[in-house]
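Numbering starts at 1 and runs along the sequence shown.
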Amino acid sequence: MTDVAIFLAGVAAATAASVAVVAYLRLHLESILTDLCGTVERAKFWAAFSNVTLILVPLIFAMDYRPEARHGAGVVFQMGAQLKYVLIGLVVTVMVLGIAIGSFIPRSRPAGATFQGKAPV
């Protein structure tokens, strides 16, 4: 395989991995965002924003990798190295989104806690 073919195969695999993660998280993300945003329209925007981020960041990592077939490394090992960076980008993106969304989720009060001197309803 040529350097270009290895590179493009890695980018295709990165895209497939990113789309799989977006598909897996879609329903859960939309329901949490609907609850946090208050309206479906706002939630759809932030879900779309998150989806684009989940696809583009790993692609940036994939495009940064430069295979070198001349050094005798096998195609599988080169694609594995490229996918390693893609998965790092994907995990970092999911973690940042999780932290950002998690920071807006209100923490529940312990049972029996009072709010301004009143018992919880």
Non-hydrogen atoms of [X] and [Y] that approach each other most closely:
X: Leu36; Y: Phe104; result: CD2-O, 3.4 Å
X: Cys37; Y: Trp46; result: SG-CD1, 3.8 Å
X: Gly89; Y: Val57; result: O-CG1, 3.8 Å
X: Ala14; Y: Leu59; result: CB-CD2, 4.1 Å
X: Ala17; Y: Leu90; result: O-CD2, 4.1 Å

With the 4.5 Å side-chain cut-off for hydrophobic clustering, are [X] and [Y] part of the same group?
X: Val19; Y: Tyr24; value: yes
X: Val94; Y: Val22; value: yes
X: Tyr85; Y: Leu83; value: no
X: Ile88; Y: Val96; value: yes
X: Leu27; Y: Phe49; value: no

What distance separates [X] [atom1] from [Y] [atom2], expressed to the nearest 0.5 Å?
X: Leu33; Y: Phe45; atom1: CG; atom2: CZ; result: 11.0 Å
X: Leu97; Y: Leu29; atom1: CG; atom2: CG; result: 7.5 Å
X: Phe7; Y: Gln82; atom1: CZ; atom2: CD; result: 6.5 Å
X: Ser31; Y: Arg26; atom1: OG; atom2: CZ; result: 13.0 Å
X: Met63; Y: Ile60; atom1: CE; atom2: CD1; result: 8.5 Å
X: Asn51; Y: Glu30; atom1: CG; atom2: CD; result: 7.5 Å

>> My understanding is that a hydrophobic cluster links ILVMFWY residues whose side chain heavy atoms are under 4.5 Å apart, including indirect links. Using that, what else belongs to the cluster containing Val91?
In response: Met95
>> When you compare the side chain of Leu25 with that of Leu54, does any pair of heavy atoms fall below 4.5 Å?
In response: yes
